[in-house]
Each structure stands twice: as C-alpha cells, then as structure tokens.
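A note on names: the letters A, B, ... follow the listed sequences, proteins ahead of strands, and every chain is numbered from 1.
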Protein chains: 2
Amino acid sequence: MGGPRFEPVRTVRAYERVVEQIEEAVESGALTPGERLPSERELMVQFSVSRSTVREALRVLQARGLVRSRPGDPNGAEVLPFSPVALKKSMTTLARVSELSLGELVQFRMVMDAAAVLLAAHRRTEEHLAEMAAAVEAMKAADGAGFGAADVAFHDAVARAGGNKLVEVCTDVVRAVVVGLIEDKLAQTPDQEALMRRSVAHHEDVIAALRAGDGPLAARLTRQSMYDYYAGHLPAEERAALRALLE
Amino acid sequence: MGGPRFEPVRTVRAYERVVEQIEEAVESGALTPGERLPSERELMVQFSVSRSTVREALRVLQARGLVRSRPGDPNGAEVLPFSPVALKKSMTTLARVSELSLGELVQFRMVMDAAAVLLAAHRRTEEHLAEMAAAVEAMKAADGAGFGAADVAFHDAVARAGGNKLVEVCTDVVRAVVVGLIEDKLAQTPDQEALMRRSVAHHEDVIAALRAGDGPLAARLTRQSMYDYYAGHLPAEERAALRALLE
DNA sequence: CCACATTTGTTCGTATGTATA
DNA sequence: TTATACATACGAACAAATGTG
C-alpha cells in the first residue's frame, strides 16, 4: 500500500506517432503550405518504421486535409494550405448519420450569418459594400442556377467583411451542408419567383443597414430572411425552434 | 462539333473506393453502431484488394471516427456511434494552422455561447436549471483548479439545454481552444478572487434569466460576462472588435 | 520526343503480440 | 491453458505515374 501510483499505459500505434509528429510540424509552422514532405522511403528511415506504417500515417494526414500525395511525384507529399474540406466532411457525416436535423443546421446558419453581419456592420468598407451590391445585382439578373451562386457570393462578402476567420469558415461550411441537403426540395418549390424576389429585397435591406452601421438591424433582417427562405421546408416543431432566434 | 461532352476521368485510388463503400453503408444505416465489419482478411476478398489497401481504408475511416479496430479482436472493426471527435479535430486544426488570434476565438465564443443561452431559454427544464445551479455552487466552493471545471460544467449544461447539437459541439470545442491558449495568462491575473466572484454573480443572473424565459437578456449577460472575463488579456484593437457584439 | 531514375500505388508473404472461446 | 483467429508491423516486389536530362 502507498507505493508509487502507476498510470495505465495506453498502447499507441506506430502510425499514430508518425501522424502526431508530422501534424505537430505542420501546425507549429515548421512545415508551411507548399513545402514537401520527404519521400515515403525517406520517412521510413527517419521514423524507423516500415513503409506500410508510413503510408497509413499519410492516409490519415490526407484525410485530415493536411497533405496530399500524388503517384510518381519525386518531391514527396505536399503540405496543403488550410482548407475547410475536412470540416465540411465531418459536418456532413454528422448530418447524414442524422444526428443533426435540417432544423438544427438552419438554426446554426441563422446564428452564424447573423454574427457575420453584426461584425460586418463595424468593419465594412466601400469595397465590401460594392461586392455585396454586385452580388445582389447578379441575383436579380440570374436564372435558377446563377441565383444560388450569387447568393453564396453575397454571404461570402459579408463574412469576409466581418473579419473573423472562424465565423467565415463556419458560415461557408454550414451553408454548403444545408444546400446539399435541401437543394432538391428547393428546386420543387412552387412559387420560386416570389421567394427569390423577396430574398433579393431582404439582401438589399441588409446592405442598407450595413451602410448605416446598424449591426443589430442587419442581424435581425438576416435571421428573418433565412427563416422565410427555409421555414416552409421544415416540420412545425423545428420551425418553432427557429423562431426562438427571431426575437 | 457538338459531339458528346466527355468529362475528365479522375483516377480514384483503390483504398478510396473501399472507403466510399463502407462509408456509404454506415451513413445509409446498412451498418449500425455496434455492428462489426468483416475481418481485414475477409474484406480483402470482398473488395478484391490487398491487405494493405484494406488497412489504409480502415485508417481513413478510423480518422473520420466511423469505425475502430483493436488488435486481436475476433469480430473485426467496430462501427462506432457518431461522436464529434473528428469535428473537434478539424476545428482545432483550423484554429492552429490558420493562426486565429485570441480575439477572434473569444469573439466566436461569445457568439456561440450567446446562441446557446438564447436557445436554452426556450427549452430549459427544471433538470437543466438544477444542473446549472449545482455548477455555480461548485464554482463558489472551488479553489483555483475546480473553478474552471465547474465553469465548463455550467456552459455544458446550458448548451445541452439549448438542444442544438452543432451549437453544443462548437461551444465545447472553441472553449477548449481558448482555455488552452490563455490558461497560463489567467493564472497570473492579479485580482483573481474578484474576477471569480463577478463571474459567479453573472452566472447566477443568467440562470435567473433562463428561468424567466428571457433569452435576449440571458444572451446579453453571457456576452458581457465573457467580455469582462477575457477583455483584460487582449490588445485594445481586439477588445474593440469584441465590443461590437455587446450592443 | 524519348528514355531514365525515382516515387507512389498495390500486392504478397511473414512474423509477432493479443483477445476470445 | 491451449488453440484459433485477429490486428499490428515488417519487408520485398512489381506496375504505373511523374519529373528531368
């Protein structure tokens, strides 16, 4: 009794250690995007593991979006600039395993986009406003397909104006997930013309509010617009949960 | 001219096809959590690929949090219930590689926690409120270390009461990142006692607002509390950006 | 344009430690 | 405890792809 307290040893796989070390190098900035990893054969020497182990580690790093390797490339795997694809993938999986309802996703989108405009109201420049206005003009002129793209451009400009990278990425990701889940439904909406017109009007109001520097107003408009756009495709219960954000 | 429009063929790796098929089976519900995949040797027969290819695929699936395999398990890899670990991992990576400032992270935390309380005001039950009250009591009684844990418990209870899984995960993740970046600074804060007392008072006000069902008030209190807690550790410029959320 | 050397993608065989019956 | 099947890990080999001279 009272001897040294030993802790349980968790056996960690060889490939995991390789992943950890390379990941650390990338995240700490020791390896910057565009740089190359040593070849697989060199890595197996440096880590003292077999080539299979090196490959398993590279697959994991690739799945996390940190590196990319191409067959025959003499320069070894390439360190990638950050992209939110892994984040999108996780969120899509989360949604598909249906742990996430469409209502939750739209709710999250309302939160994120409202935050983006709130921040944008304080930092927007004339260039930002011009980008938004151009996107709205494109929405007016667009047919069905172009409308969505212009809408994306608008929200992207808003997010960039907000100046918070995390908000920017999250708005982008959740928008992609929502659109991926619902685009077929939206295409069947009966009165699509009216919906689009109303959406355009909403967006113009948001621009006006941003120009005036009224963040709270812009946020309210954004939430309302999102609600109007998606509520019709949600069951009553989830619609009610969405209204919690409209106060 | 005008012949058939051929699309470029993207060569897809063998392991990718294995990943796709198993992923599809899991996400479609054909494989449910708790079920087992066939053994690696059986998989290599079914997919007509080598053992290494199967293993690379399993690594990717494991990195995405869909399966887990243990050495010696006679049943093969286990299909996991979805957990947000992959999402956490992606978001942590985002924070680390894209060099998010502490100000951006705190800003994001203000947005997420405010959203959580706003939702919680509509859905909180007596149990949720009891959990929060217990956490606050623990904060009062705690020494330095226990205080943080109790604070986590409080915000976790709020997030669960909100009923949006995505909000829950995001609050949790960003809190962990922020705490990881700043905990050493916080420990050196001169008047720590006063800060903790004020934080406790804020939390009690939030509980009262939630009990009254006043979401907007609870959200304002939450943002203010977060601002008070972190603002002292931020440069003036980032502090100003934070105040954009206090309106 | 054509080899050439190198690298990745993939396969196969083998040895070892481990978990279950 | 023994036996069996499994995952882990290693190493050698060949094909396909890529960059270079």
Side-chain angles (χ1 to χ4, degrees), chain A residues 6-23 25-26 31 33-80 85, chain B residues 6-23 25-26 31 33-80 85:
Chain A
F6 297 120
E7 292 191 353
V9 178
R10 74 182 171 103
T11 69
V12 58
R13 312 267 173 275
Y15 83 92
E16 271 293 351
R17 299 205 192 189
V18 176
V19 168
E20 283 171 14
Q21 288 195 47
I22 298 181
E23 198 168 34
V26 172
L31 282 169
E35 278 192 278
R36 301 307 186 104
L37 260 50
S39 73
E40 293 181 359
R41 286 179 177 77
E42 173 118 11
L43 287 175
M44 65 185 263
V45 174
Q46 292 192 25
F47 288 109
S48 296
V49 294
S50 74
R51 181 142 171 253
S52 310
T53 302
V54 168
R55 288 182 58 75
E56 288 179 21
L58 289 177
R59 293 281 95 100
V60 172
L61 291 167
Q62 185 159 326
R64 292 187 184 161
L66 293 178
V67 306
R68 175 187 55 179
S69 48
R70 289 177 311 166
D73 190 334
N75 295 320
E78 181 183 1
V79 178
L80 296 177
V85 289
Chain B
F6 297 119
E7 293 193 352
V9 178
R10 75 184 170 104
T11 68
V12 58
R13 313 267 172 273
Y15 83 91
E16 271 292 353
R17 298 206 191 189
V18 176
V19 168
E20 283 172 12
Q21 288 196 44
I22 298 180
E23 199 167 36
V26 172
L31 282 169
E35 279 191 275
R36 301 307 185 107
L37 259 53
S39 73
E40 293 183 358
R41 287 175 180 79
E42 173 119 12
L43 288 175
M44 65 187 261
V45 175
Q46 292 193 25
F47 289 108
S48 296
V49 294
S50 75
R51 187 85 188 284
S52 309
T53 301
V54 168
R55 289 179 59 76
E56 289 180 21
L58 289 178
R59 292 292 165 235
V60 173
L61 292 168
Q62 186 159 331
R64 293 187 185 162
L66 293 179
V67 305
R68 175 188 55 178
S69 47
R70 291 175 310 169
D73 191 331
N75 295 319
E78 180 184 2
V79 178
L80 296 176
V85 290

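- Contact annotation for B:Arg55: base contact, defined as any heavy-atom pair under 4.0 Å involving a base atom.
- In this structure, B:Tyr15 places its OH atom 8 Å from P of C:dT10, rounding to the nearest Å.
- Taking atom CZ on B:Arg70 and atom C1' on D:dA5, their separation rounds to 14 Å, with Å as the unit.
- Within the nucleic acid shown, B:Arg51 comes within 4.0 Å of at least one base atom, counting heavy atoms only.
- Looking at heavy-atom distances under 4.0 Å, B:Ser52 makes contact with a base.
- A straight line from CD of B:Glu42 to C1' of D:dA7 spans 15 Å, rounded to a whole angstrom.
- The residue among B:Ala77 and A:Thr53 whose nearest nucleotide of DNA chain D lies closer to the 5′ end is B:Ala77.
- In this structure, A:Asn75 atom CG and D:dT18 atom P are separated by 13 Å, rounded to whole Å.
- If you check every strand for non-hydrogen atoms under 4.0 Å, B:Arg68 touches nothing.
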B:Arg13 vs B:Glu56, side chain to side chain contact (heavy atoms under 4.5 Å, CB included): CA-CA, chis, key distance, verdict: CA-CA 11 Å; B:Arg13 313 267 172 273; B:Glu56 289 180 21; over 6 Å; no
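- The nearest whole Å value for the distance from the CZ atom in A:Arg13 to the P atom in C:dG17 is 15 Å.
- Dashed line: the shortest gap from a side-chain N or O of A:Ser69 to OP1 or OP2 of C:dT7 is not under 4.0 Å.
- In this structure, the side chains of A:Pro38 and A:Gln46 come closer than 4.5 Å at one or more pairs of heavy atoms.
- Among the protein residues, B:Arg41 comes within range of the nucleic acid bases, having at least one heavy atom under 4.0 Å from a base atom.
- One interatomic measurement links the two molecules: CZ of A:Arg17 to P of D:dT8, which rounds to 15 Å at whole-angstrom precision.
- By the 4.5 Å heavy-atom criterion applied to side chains, B:Asp73 and B:Glu78 are not counted as neighbours.
- Here CG of A:Leu43 is found 10.5 Å from CZ of A:Arg51. Values are rounded to the nearest 0.5 Å.
- Residue contacts shown for B:Glu40 include a base, since a base heavy atom lies under 4.0 Å away.
- Computed from coordinates, the B:Leu43 CG to D:dA5 C1' distance equals 15 Å when rounded to whole Å.
- Summarising the geometry, the separation between CZ on A:Phe47 and C1' on D:dA9 is reported as 16 Å, rounded to the nearest angstrom.
- One finds no side-chain N or O of B:Ser39 lying less than 4.0 angstrom from the OP1 or OP2 phosphate oxygen of D:dA5.
- Between A:Ser69 and A:Arg59, the closest side-chain pair of non-hydrogen atoms falls below 4.5 Å.
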